[in-house]
Asks: 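Take this structure, written in structure tokens, and hold onto it; I'll ask about it next.
Atom set for the values below is all heavy atoms of this structure, side chains included, hydrogens, waters and symmetry mates excluded. Since the structure is predicted, the reported quantities are computational estimates derived from the model, not experimental observations.
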Amino acid sequence: MNLLIKSATILDPGSSFHQQVADILIEKGVITRIADNIDADAELFDAEGKYVSPGFFDLNCNVGELGLETKEDLRSGTVAAAAGGFTGIALMPNTQPPVHSKSEVEYLLNRSKGNLVDVYPLGTISQKREGKDLAEMYDMYQSGAKAFTDGSRPVQDAGLMERALLYAQGFDALVFSYPEDTAIAGKAKVNEGEISTLLGMKGIPALAEELMVARDLYLAEYTVSRIHFTTISTARSVELIREAKRKGIEVTCDVAAHHLVLTDEALLGFDSLYKVKPPLRTADDVAALVKGLKDGTIDAIVSQHTPHEIEFKDVEFEVAEYGMVGLQTAFSLALKAGLPVELIVEKLAINPREILGVELPVIAENEKANLVILDTDAEWEYTAINNKSKSANSPYIGQRLKGKVLLTYNNQQIFK
């Protein structure tokens with residue numbers, strides 16, 4: 001379909017029109033003209049006072065397909081992604097079976113063809129995500145897997161992580177680390193600190209994350225490999241990665257949007273909707289994460305979209321599953337954290353694609369249209385009706401949020 005976007009402020013560091021106000025004409029999925037004033041036979045969208053940027057890309061998204069489709073399937077997951085401004089998502093392999101061979105990768109790619117949202121399956125590091133033997137990484141890479149991770153399970157065996165880094169280096173693939181030392185974290189459910197003491201619950205110390213960050217930074221330095229840390233959550237993790245970057249280690253990292261605005265004080269009511277992993281940390285950690293985004297230590301923001309059926313969350317806190325749905329709220333939460341919209345675009349649209357080695361869309365003439373229209377001032381209520389996910393495990397449902405995605409466009413398809 002043809003679309004004419006009027007009077008939009010373009011936010012795209014890779015475009016010569018960056019920070020300019022202009023009309024954008026899209027014909028048959030291609031940006032054919034950008035100018036001060038365009039008249040054309042096309043669907044009109046008035047974007048005066050609004051921003052246009054490349055579509056967002058999520059580096060940490062869980063969709064239940066394969067095997068857990070009652071939580072989320074590719075159809076509902078990609079609709080939720082489009083509603084949140086995402087035109088690309090990297091799928092974590094937390095499925096049954098896990099994405100540990102080329103057959104699962106090819107299935108997901110074939111199932112997602114022709115979608116507004118581009119889907120990128122991530123393969124497992126270890127067979128069955130058991131942390132024992134390397135999975136068929138090269139076969140998965142040849143079939144389309146861009147990176148490798150055991151998802152929500154950390155690779156506890158240092159030798160296995162070293163072999164994964166060395167093996168992936170041979171075909172220039174990226175290894176994700178979910179940093180948690182399970183021997184230290186144990187079976188605790190919340191952050192260790194004043195709040196865990198008040199709640200009378202055993203806590204997960206920040207050390208459990210920071211030890212694994214330090215270990216994998218050493219391994220990346222030793223093997224001269226790239227490594228990406230997903231969903232870091234503590235101030236010391238930020239400092240360790242900042243220092244590693246100064247040393248020239250090829251390291252990138254991301255943070256979940258909810259870790260930018262929520263602290264462990266949200267758990268005082270024992271509301272299982274706030275039960276996530278890594279756990280919500282302290283106000284000092286939140287401040288360090290925001291600072292890390294602003295100074296470039298943290299490269300990307302992710303949704304960590306983790307859907308669950310009601311019976312897995314509407315239970316006692318101790319037995320509830322970890323995670324919340326987050327695709328539709330990521331942009332609003334980034335704004336709530338006090339980040340300028342230009343930085344949000346960098347962390348949600350530009351850097352994630354560069355990290356994964358995915359082609360970066362550019363808002364320029366004769367380029368494929370892959371973009372999102374944003375209103376930083378609009379307020380909206382997240383409700384059970386406008387929630388596009390199959391699951392409703394978000395503490396923000398029923399709340400008013402600031403910052404709205406007005407339109408998402410990719411692959412000649414439009415969502416608004």
Asks: Would you please indicate yes or no on a ring centroid separation below 6.0 angstrom for Tyr138 and Phe171?
Replies: yes
Asks: Looking at Pro395 and Leu273, what are the two nearest heavy atoms and their distance?
Replies: CD-O, 3.8 Å
Asks: Are Arg226 and Asp172 close enough, and set up right, to give a salt bridge (Lys or Arg N to Asp or Glu O under 4.0 Å), and what steps lead you there?
Replies: CA-CA 9 Å; Arg226 291 190 300 149; Asp172 198 28; 3.7 Å; yes
Asks: Donor-acceptor pair, Asn351 side chain versus Lys347 backbone, under 3.5 Å?
Replies: no
Asks: Does the gap between the ring centers of Phe229 and Phe176 come in under 6.0 Å?
Replies: no
Asks: What is the minimum heavy-atom distance between Pro54 and Ile350, and which atoms define it?
Replies: CG-CD1, 4.0 Å
Asks: Do the side chain of His259 and the main chain of Pro278 share a donor and acceptor less than 3.5 angstrom apart?
Replies: yes
Asks: Would you say the side chains of Glu43 and Asn2 form a donor-acceptor pair under 3.5 Å?
Replies: no
Asks: Heavy atoms, side chains only, cut-off 4.5 Å: are Lys6 and Leu44 in contact?
Replies: yes
Asks: Is it the case that over 12 heavy atoms from other parts of the model lie below 6.0 angstrom from the NZ atom of Lys102?
Replies: no
Asks: Measuring from Asp375:CG to Trp380:CH2, what's the distance to the nearest 0.5 Å?
Replies: 12.5 Å
Asks: Can you confirm whether Glu209 sits close enough to Ile232 that some side-chain heavy atom of one is under 4.5 Å from a side-chain heavy atom of the other?
Replies: yes
Asks: Checking Lys245 now: which residues fulfil salt bridge (charged side-chain N to carboxylate O under 4.0 Å, His left out) with it, not counting sequence neighbours?
Replies: Asp299
Asks: Out of curiosity, Thr376 OG1 to Tyr51 OH, how far, rounded to the nearest 0.5 Å?
Replies: 5.0 Å
Asks: Hey, could you give me the OG1/CD distance between Thr252 and Glu354, rounded to the nearest 0.5 Å?
Replies: 11.0 Å
Asks: Is it the case that Tyr107 and Glu65 place a side-chain donor and acceptor less than 3.5 Å from each other?
Replies: yes
Asks: If you compare all heavy atoms of Phe317 against all heavy atoms of Asp271, which two are closest, and at what distance to 0.1 Å?
Replies: CE1-O, 3.7 Å
Asks: So Phe57 and Tyr120, ring pair (Phe, Tyr, Trp, His ring centres under 6.0 Å) or not? Walk me through it.
Replies: CA-CA 10 Å; Phe57 191 100; Tyr120 297 86; 5.4 Å; yes
Asks: Give, for atom NZ of Lys275 and atom NZ of Lys313, the distance between the pair rounded to the nearest 0.5 Å.
Replies: 7.0 Å
Asks: Can you tell me how far OG1 of Thr263 sits from CD1 of Ile195, rounded to the nearest 0.5 angstrom?
Replies: 7.0 Å
Asks: The test is side chain to side chain contact (heavy atoms under 4.5 Å, CB included); show your working for Phe415 and Leu407 and say whether it passes.
Replies: CA-CA 6 Å; Phe415 184 96; Leu407 179 146; over 6 Å; no
Asks: I'd like to know whether Lys50 forms a side chain to side chain contact (heavy atoms under 4.5 Å, CB included) with Ile5, so could you lay out the CA-CA distance, the side-chain angles of the two residues, the decisive distance to 0.1 Å, and finally the verdict.
Replies: CA-CA 10 Å; Lys50 315 299 189 295; Ile5 302 170; over 6 Å; no
Asks: What pairs of residues pass the side-chain hydrogen bond (donor to acceptor under 3.5 Å, both in side chains) test when at least one of them lies in residues 186-206, not counting sequence neighbours?
Replies: Asn191-Asp264, Asn191-Arg281
Asks: Can a side-chain donor-acceptor contact be found between Ser237 and Thr234 if the only test is distance below 3.5 angstrom?
Replies: yes
Asks: For Val238 and Gly292, which heavy atoms make the closest approach, and how far apart are they?
Replies: CG1-CA, 4.1 Å
Asks: Check step by step if side-chain hydrogen bond (donor to acceptor under 3.5 Å, both in side chains) holds for Thr87 and Asn370.
Replies: CA-CA 7 Å; Thr87 57; Asn370 179 339; 2.7 Å; yes
Asks: Ignoring hydrogens and geometry beyond distance, is a side-chain donor-acceptor pair present between Asp150 and Thr124 at under 3.5 Å?
Replies: no
Asks: From Arg353 CZ over to Leu59 CG, what is the distance, rounded to the nearest 0.5 angstrom?
Replies: 10.0 Å
Asks: With salt bridge (Lys or Arg N to Asp or Glu O under 4.0 Å) as the test, would you mind laying out the steps for Glu239 and Arg242 before giving the verdict?
Replies: CA-CA 5 Å; Glu239 185 54 43; Arg242 183 181 288 122; 2.8 Å; yes
Asks: Hey, mind stepping through Glu180 and Lys277 against salt bridge (Lys or Arg N to Asp or Glu O under 4.0 Å) and telling me if it holds?
Replies: CA-CA 10 Å; Glu180 181 188 77; Lys277 206 167 192 185; 3.4 Å; yes
Asks: Could you walk me through whether Ser101 and Glu136 satisfy the side-chain hydrogen bond (donor to acceptor under 3.5 Å, both in side chains) test, starting with their C-alpha distance in whole Å, then the side-chain angles of each, then the deciding distance to 0.1 Å, before giving a yes or no?
Replies: CA-CA 6 Å; Ser101 71; Glu136 300 170 4; 4.8 Å; no
Asks: Assess whether side chain to side chain contact (heavy atoms under 4.5 Å, CB included) is satisfied between Ile227 and Leu174, documenting all intermediate values.
Replies: CA-CA 6 Å; Ile227 194 166; Leu174 181 62; 5.8 Å; no
Asks: Using modelled atom types and a 3.5 Å cut-off, is there a donor and acceptor pairing between side-chain atoms of Asn386 and backbone atoms of Glu381?
Replies: yes
Asks: Is it the case that over 12 heavy atoms from other parts of the model lie below 6.0 angstrom from the CD atom of Glu311?
Replies: yes
Asks: Are side-chain N/O atoms of Asp216 and Ser177 paired as donor and acceptor at under 3.5 Å?
Replies: yes
Asks: I'd like to know whether Lys247 forms a salt bridge (Lys or Arg N to Asp or Glu O under 4.0 Å) with Glu221, so could you lay out the CA-CA distance, the side-chain angles of the two residues, the decisive distance to 0.1 Å, and finally the verdict.
Replies: CA-CA 9 Å; Lys247 290 173 65 177; Glu221 183 179 24; 3.5 Å; yes
Asks: Would you say that more than 12 heavy atoms from the other residues, nucleotides or ligands in this model lie under 6.0 Å from the CD of Glu379, or not?
Replies: yes
Asks: Applying side-chain contact (heavy atoms from CB on, under 4.5 Å) between Asn410 and each of Asn115, Asp118, Leu371, report the one that passes.
Replies: Asp118
Asks: Out of Glu72, Lys71, Lys390, Glu321, which residue meets the side-chain contact (heavy atoms from CB on, under 4.5 Å) rule with Glu309?
Replies: Lys71
Asks: Spell out, as yes or no, whether a donor-acceptor pair under 3.5 Å connects the side chain of Thr78 to the backbone of Leu74.
Replies: yes
Asks: Would you say Ser53's side chain and Leu11's backbone share a donor-acceptor pair under 3.5 angstrom?
Replies: no
Asks: Are a donor atom and an acceptor atom from the side chains of Thr297 and Asp295 found within less than 3.5 Å of each other?
Replies: yes
Asks: Report the C-alpha distance between Val175 and Thr149 in whole Å, list the side-chain angles of each, state the deciding distance to 0.1 Å, and finish with yes or no for side chain to side chain contact (heavy atoms under 4.5 Å, CB included).
Replies: CA-CA 6 Å; Val175 171; Thr149 171; over 6 Å; no
Asks: What are the two closest heavy atoms between Leu165 and Ser225, and how far apart are they?
Replies: O-OG, 3.5 Å
Asks: Would the number of heavy atoms belonging to other residues, nucleotides or ligands and lying under 6.0 Å from NZ of Lys404 be above 12?
Replies: no
Asks: Specify the closest pair of heavy atoms between Arg129 and Ser152, including all atoms of both residues, with the distance to one decimal.
Replies: NH2-OG, 3.1 Å
Asks: Look only at the side chain of His100 and the backbone of Ala135, and say whether a donor-acceptor pair between them is shorter than 3.5 Å.
Replies: no
Asks: Does Thr282 reach the main-chain N or O of Asp285 with its side chain, forming a donor-acceptor pair under 3.5 Å?
Replies: yes
Asks: Flag the pair Asn60 / Thr231 as yes when at least one side-chain heavy-atom distance between them is below 4.5 Å, and no otherwise.
Replies: yes
